[in-house]
There are 2 protein chains.
Amino acid sequence: MASKVKASQQDRGETATRILDVAERLVQVRGFNAFSYADVASELNITKAALHYHFPGKAELGQALVTRYAARFAEALAAVEAGLDDAPSRLDAYAQLYLDVLRDERMCLCGMLASEYPTLPPPMQDAVVRFFEDNETWLARVLRQGKDDGTLHFAPSPTETARMIVSGLEGAMLVARPHGDVARFSSVASQLLAGVTSA
Amino acid sequence: MASKVKASQQDRGETATRILDVAERLVQVRGFNAFSYADVASELNITKAALHYHFPGKAELGQALVTRYAARFAEALAAVEAGLDDAPSRLDAYAQLYLDVLRDERMCLCGMLASEYPTLPPPMQDAVVRFFEDNETWLARVLRQGKDDGTLHFAPSPTETARMIVSGLEGAMLVARPHGDVARFSSVASQLLAGVTSA
DNA sequence: GTCTATAGGCAGATAGAC
DNA sequence: GTCTATCTGCCTATAGAC
């Protein structure tokens, strides 16, 4: 049973991983409907046919993209919980995850896909909705924790408050990117968090 | 000088107006990159060639769309100011404008275009940025009014607070639409406004 | 696994008749 | 103003050689 590195989830080859990396960036910058197999192939100096070997169609590539993105996000949230104990710090770290994406001149992958939602293959639609639900669930838990220990203060339910934070951060990315102004995002993010950290 | 109806801004023919109506809905639902001249033509039972007579290219059609949308929004904001005096009511009416769009299962036109920003023709990009700036300016003015007369309470500058409200409402639309859940939007909207109406 | 070659469709756009 | 007809290019996808 000498397993080398413990293949965490479905392991893909090196080429498949690089395809996902390039496609992910293209989708986050331009959108799922505005990138093509040709774009990815030319960046990697391979042919479109090779792409189809790794991902039969655009729908399958899209599913793989959102699945991997959601898994990574879940890992990041677990790391936040492991590394930080108090609710306010955890909220700060959560917002920082968004900021890191925007600094790269990208939109949140699932925020981008949310705008294209009616045009997506059904499996991608389901995965996008799940992403937001998972985020809200995690945030609601942190908010509940903070309310219980007195470090956070808010009137609506933790779930409703979580939804406001997710919406606010996604919207802040959406609006800040056309302005090319990361500070716009940071300002909104701190106001959102201040709404639950101050009495 | 017997002008019939006072051609408010650039008047377009009846057909051109119907083209804009159909194209506007398609962009708000599917996005600028995911609708085609063929889509519009088939809905109106005309040919693509006829479309090109009214709007030479997709870029020009897109410009006309965002220009008209921004003008209508500005009219709506003026109507809000004319019809309501106090700042809290004006904020409520502002959020209601967004809700009306979402009820139609549409995204804000400029929110949709913001997600596609890097792929848009430059004139459309400029118009999208201007739309958000105009919204923020209007909101900041209302916020200042409310702060001065004691009906609103917030710590950051009116401009920064305005940006948080715009971002929050746009993000709430973005996230609510995939869930098919208008209540999600309303919940976030009232939380955002509660943040400035309660002490 | 990656290639060449190609199929089949749809995109935006134009010419010219009516 | 609207039509038919057509162009060119890009899209996703497949077949089959290496």
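Reminder, nothing fancy here: chain letters follow the sequence lines and each chain counts from 1. Everything quoted here is computed from the prediction, not taken from an experiment.
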Under 3.5 Å: donor-acceptor pair, side chain of A:Gln191, backbone of B:Pro156: no
A:Arg177 (side chain) donor-acceptor with B:Ser115 (main chain) under 3.5 angstrom: yes
Check: A:Gly57 main-chain N/O paired with A:Tyr37 side-chain donor or acceptor under 3.5 Å: yes
A:Asn45 CG - C:dT4 C1' separation (whole Å): 17 Å
Summary of protein contacts for nucleotides 11-18 of chain D, nucleotide by nucleotide, where a base hit scores B, a sugar-phosphate-only hit scores S (4.0 Å, heavy atoms): SBBBB---
Parallel, tilted or perpendicular: ring planes of B:Phe132 versus A:His179, cut at 30 and 60 degrees: tilted
Nearest-Å distance for atom pair CG/P, residues B:Leu51 and D:dT2: 9 Å
A:Thr47 side-chain N/O to C:dT4 phosphate OP1/OP2 under 4.0 Å: no
B:His54 side chain, from C-beta outward: closest of C:dC3, D:dC3, D:dG1: D:dG1
For atom CZ of B:Phe55 and atom P of D:dG1, their distance in whole Å: 12 Å
Side-chain donor-acceptor contact under 3.5 Å, B:Thr151 with B:Asp86: no
Phosphate OP1/OP2 of D:dT2: any B:Tyr53 side-chain N/O under 4.0 Å: no
B:Tyr98 and B:Phe73 aromatic ring geometry - parallel, tilted or perpendicular at 30°/60° bounds: perpendicular
